[in-house]
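Heads up, the thing below is written out as structure tokens.
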Amino acid sequence: MPENDTADDAKRAAHRALVERILTGDGRASAEQRKRAFDDEGLVPPVSTLLGRITRTPVRIDEADLAVAGCSEDEVFELVICAAVGHSTRLYEAGLAALAEAITEEAPGHAS
Amino acid sequence: MRPDILNHGYRPGTKLMFAMIRLFSGQPLPDAAKLTFYRSDFYGNPAKEFTHEALRGPSDWSVGDRELMAAYVAKLNQSAFCIGAHTATASLAYQDGPRVTAILDDPESASIDEPLRATLRLLAKLIRDGRVDADDVREVLAAGVSPQQVKDALAVCAAFNTTSRLADAFGFELLSPKGYEAGAKYLLKRGYR
């Protein structure tokens with residue numbers, strides 16, 4: 001395997017390890033909540049209001065946003081991280097999918 | 001605005017380390033680094049590993065190129081802390097601050113190799129639209145970028161899209177020019193682990 005293919009595996013593996021840890025490892029927020037934050041779907045206000053701001057640009061959060069009813073600071077910490085990593089993961093996967101399609105169509109002899 | 005746990009929630013040994021760094025370096029530990037010490041098993045440790053692989057792992061992009069991409073992603077996300085940190089790091093890596101500033105201001109008109117310009121264009125579209133298609137990637141490949149370099153750039157984008165959003169969500173304090181310069185030296189010497 002060329003060196004850079006191995007390097008790519010290391011980058012993807014490190015990213016997958018991060019995603020797996022924040023979604024399935026121990027946490028103060030439930031795994032279900034963390035998955036919903038990561039996917040940016042299925043959450044209800046006020047948590048959805050807070051996390052919706054993470055995926056907008058520029059990100060703007062104030063004290064009132066953090067005073068989310070029913071969430072401890074540790075839960076907010078985890079859910080904000082899940083929302084940010086989830087958003088980035090969707091970008092990463094969208095880019096890789098576009099690359100895979102571009103490469104496949106440039107090499108018609110390859111199985112698709 | 002940051003949760004109070006990110007101001008005061010660290011273990012005594014970690015607080016002592018923060019104090020020692022401030023004493024010996026003359027600079028406070030940046031909030032980006034502090035964040036990775038809070039319950040480091042949850043986010044800090046795996047995030048540092050991914051960021052280090054993306055920015056310092058093997059790649060046909062130079063470290064300066066990847067730090068420039070990080071600064072550009074931060075600029076697209078309007079994240080002041082990350083713009084400052086990675087503009088300083090890219091400038092130090094290239095030994096050319098004015099060039100980095102010119103590229104971040106307008107990569108289309110700046111003096112820059114076409115493969116890097118095309119890659120920054122791809123990252124801009126990905127950040128702004130949330131998607132790119134095969135035609136967008138074909139333009140990058142046609143500019144002389146290898147598929148592996150596209151993958152490497154996407155990894156940088158993923159790492160710094162996360163960091164720049166967390167920087168603003170958790171209200172990372174901006175540094176002085178000396179603070180950014182000290183951080184840049186550290187990142188070029190030690191990386192992100």
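Per chain, numbering begins at 1; letters A, B, ... match sequence-line order.
For an aromatic pair to be called close, the ring centres must be under 6.0 Å apart, and A/Phe77 with B/Tyr38 satisfies this.
Interface summary for chain B: among A/Thr89, A/Thr55, A/Leu18, A/Val19, the most heavy-atom pairs under 4.5 angstrom belong to A/Leu18. Ranked by heavy-atom pairs under 4.5 Å with chain A, the first of B/Arg2, B/Arg39, B/Arg131 is B/Arg39. Comparing A/His15, A/Glu73, A/Arg16 by heavy-atom pairs within less than 4.5 Å of chain B, the highest count is held by A/Glu73. With chain B as partner, the option from A/Ala94, A/Ala83, A/Pro58 having the largest number of non-hydrogen pairs under 4.5 angstrom is A/Pro58.
Taking the charged nitrogens against the carboxylate oxygens, A/Lys35 and A/Glu41 have no contact shorter than 4.0 Å, which rules out a salt bridge. Using a 4.0 Å cut-off between charged side-chain N and carboxylate O, A/Arg36 and A/Glu32 make a salt bridge. Ionic pairing of B/Arg117 and B/Glu114 is present here: one or more N-O contacts between side-chain nitrogen and carboxylate oxygen are shorter than 4.0 angstrom.
Of the two parts of A/Arg28, the backbone and the side chain both hold a non-hydrogen atom closer than 4.5 Å to a non-hydrogen atom of chain B. Looking at B/Asp136, there are no atoms closer than 4.5 Å to chain A (heavy atoms on both sides), in backbone or side chain. Looking at A/Arg53, neither its backbone nor its side chain comes within 4.5 Å of chain B, counting heavy atoms on both sides. Contact annotation for B/Asn77: both backbone and side-chain heavy atoms come within less than 4.5 Å of a heavy atom of chain A. Only the backbone of A/Asp26 comes within contact range of chain B, with heavy atoms under 4.5 Å apart. The contact between B/Leu76 and chain A is made entirely by backbone atoms, counting heavy-atom distances below 4.5 Å. For A/Glu93, no part lies near chain B; criterion is any non-hydrogen pair under 4.5 Å.
Judged purely by distance below 3.5 Å, without hydrogens or angles, the side chains of B/Glu49 and B/Asn45 never pair a donor atom with an acceptor atom.
In A/Glu20, the CD atom is not crowded: 12 or fewer heavy atoms of neighbouring residues, nucleotides or ligands sit closer than 6.0 Å. Counting heavy atoms of neighbouring residues, nucleotides and ligands inside a 6.0 Å radius, atom CZ of B/Arg22 does not exceed 12 of them.
Ring geometry for A/Tyr92 against B/Phe50 counts as tilted: the plane angle lies between 30° and 60°, on a 0 to 90° scale.
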